[in-house]
Amino acid sequence: MANLTLMAFGSSAPEIILSVLEALKDLGKPAGDLGPSTIVGSAAFNLLVISAVSIYAVGEDVKKIDDMGVFATTGVFSVFAYVWLYYCLSIETPGFVTSKEAYLTFGFFFILLILAFSADKVNQKKKKKEN
């Protein structure tokens with residue numbers, strides 16, 4: 001849970017602050033490119049580069065994912081986040097985010113947390129039964 005909340009917020013804090021500052025500066029005007037670009041760029045960097053460096057740094061041993069439920073949940077939500085972003089900004093309301101889209105996006109985060117937490121608890125019970 002800390003990885004999905006505190007650590008994610010901490011590592012993305014500069015992008016979040018830049019986006020908020022740009023949004024406050026341009027209230028009532030069309031959105032600038034800084035906010036979406038930094039968020040999408042940071043997410044892509046975190047997903048691809050940091051994962052690759054982390055895997056490479058461990059060495060040549062076989063790597064196994066201990067909890068596939070949480071991994072699958074976060075993986076599906078990562079892909080969904082990009083699809084949702086594209087849908088909101090290109091299909092539903094091009095270049096504009098409505099309040100409804102913003103609230104839904106915020107709600108999806110809590111759904112992710114609940115599903116990841118549940119998947120972790122299921123994995124813990126499964127491991128307990130095996131021991």
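These figures come from a predicted structure and were not determined experimentally.
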- [ ] With sequence neighbours left out, write down each residue that passes side chain to side chain contact (heavy atoms under 4.5 Å, CB included) with Lys127, or none if nothing qualifies.
- [x] Asp66, Asn123

Task: Student check: side-chain heavy atoms of Phe77 and Leu115 closer than 4.5 Å - done: yes

Open item on the list: Can you confirm whether or not the ring centre of Tyr86 sits under 6.0 Å from the ring centre of Tyr82?
Closed with: no

Task: Atom pair CD1 (Ile17) and CD (Glu22), whose distance is rounded to the nearest 0.5 Å - done: 14.0 Å

Open item on the list: Taking Ile111 as the starting point, is it possible to reach Tyr103 by hopping between hydrophobic residues whose side chains are less than 4.5 Å apart?
Closed with: no

Open item on the list: Distance check, rounded to the nearest 0.5 Å: Leu113 atom CG versus Phe108 atom CZ?
Closed with: 14.0 Å

- [ ] Find the distance between NZ (Lys121) and NZ (Lys126) and round it off to the nearest 0.5 Å.
- [x] 16.0 Å

- [ ] Give the minimum heavy-atom separation between Gly69 and Ala119, together with the two atoms involved.
- [x] C-CB, 3.7 Å

Open item on the list: Grouping I, L, V, M, F, W and Y whenever their side-chain heavy atoms are under 4.5 Å apart, do Ile91 and Trp84 come out in a common cluster?
Closed with: yes

Task: Donor-acceptor under 3.5 Å (Thr74 side chain, Phe71 main chain) - done: yes

- [ ] Over all heavy atoms of both residues, which pair between Glu101 and Phe96 is shortest? Give the atoms and the distance, please.
- [x] OE1-O, 3.5 Å

Task: Ile114 CD1 to Phe109 CZ distance, which is reported to the nearest 0.5 Å - done: 10.5 Å

- [ ] Identify the two heavy atoms, one from Thr73 and one from Leu112, that lie closest to each other, and give their separation to 0.1 Å.
- [x] CG2-CD1, 4.0 Å

